[in-house]
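The structure under discussion appears below in the form of C-alpha cells.
Note that this is a predicted model, so its numbers are computed, not measured.
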Amino acid sequence: VLALGTSLPELVVSIRAALNNHSSIVIGNIIGSNIANISLVLGVVILFYEFKLKDYKNSFKSLIYLIFILI
C-alpha cells in the first residue's frame with residue numbers, strides 16, 4: 001500500500017507527459033525518483049546501522065558497482 005501510494009503520482013505524471021510528447025519530463029521523473037529513493041534508503045540505513053569500513057578495496061569496488069547501477 002505504501003509503495004503504491006508513493007509511486008502512483010509518479011506514474012500518473014509519467015503517463016500524462018508521455019501522452020503529451022514530453023519525454024524530458026518522463027526521464028527527469030525517473031531519474032529524480034531513483035535518486036530520492038536511494039538517498040532516503042541509504043540515509044535511514046546509516047542512521048540505524050553502525051558503518052565501519054574494514055576492507056577498503058572491496059568497499060571501493062562496491063561503490064563503483066553502485067555508481068554503475070545508478071547510471
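How far OG of S33 is from CG of N37: 4.5 Å, rounded to the nearest 0.5 Å.
Across V26 and A18, no two heavy atoms sit closer than the pair CG2-N, 3.8 Å. The shortest heavy-atom contact between N29 and S14 is ND2-OG, 3.0 Å.
Cluster annotation: I27 is connected to I35 through the hydrophobic network of ILVMFWY side chains, with a link wherever side-chain heavy atoms come within less than 4.5 Å. Cluster membership for L8 and I15, using ILVMFWY side-chain heavy atoms within less than 4.5 angstrom, is shared.
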Mind listing the side-chain donor-acceptor pairs of residues 63-71 below 3.5 Å, one per line with the distance, residues two or more places apart or on another chain?
none

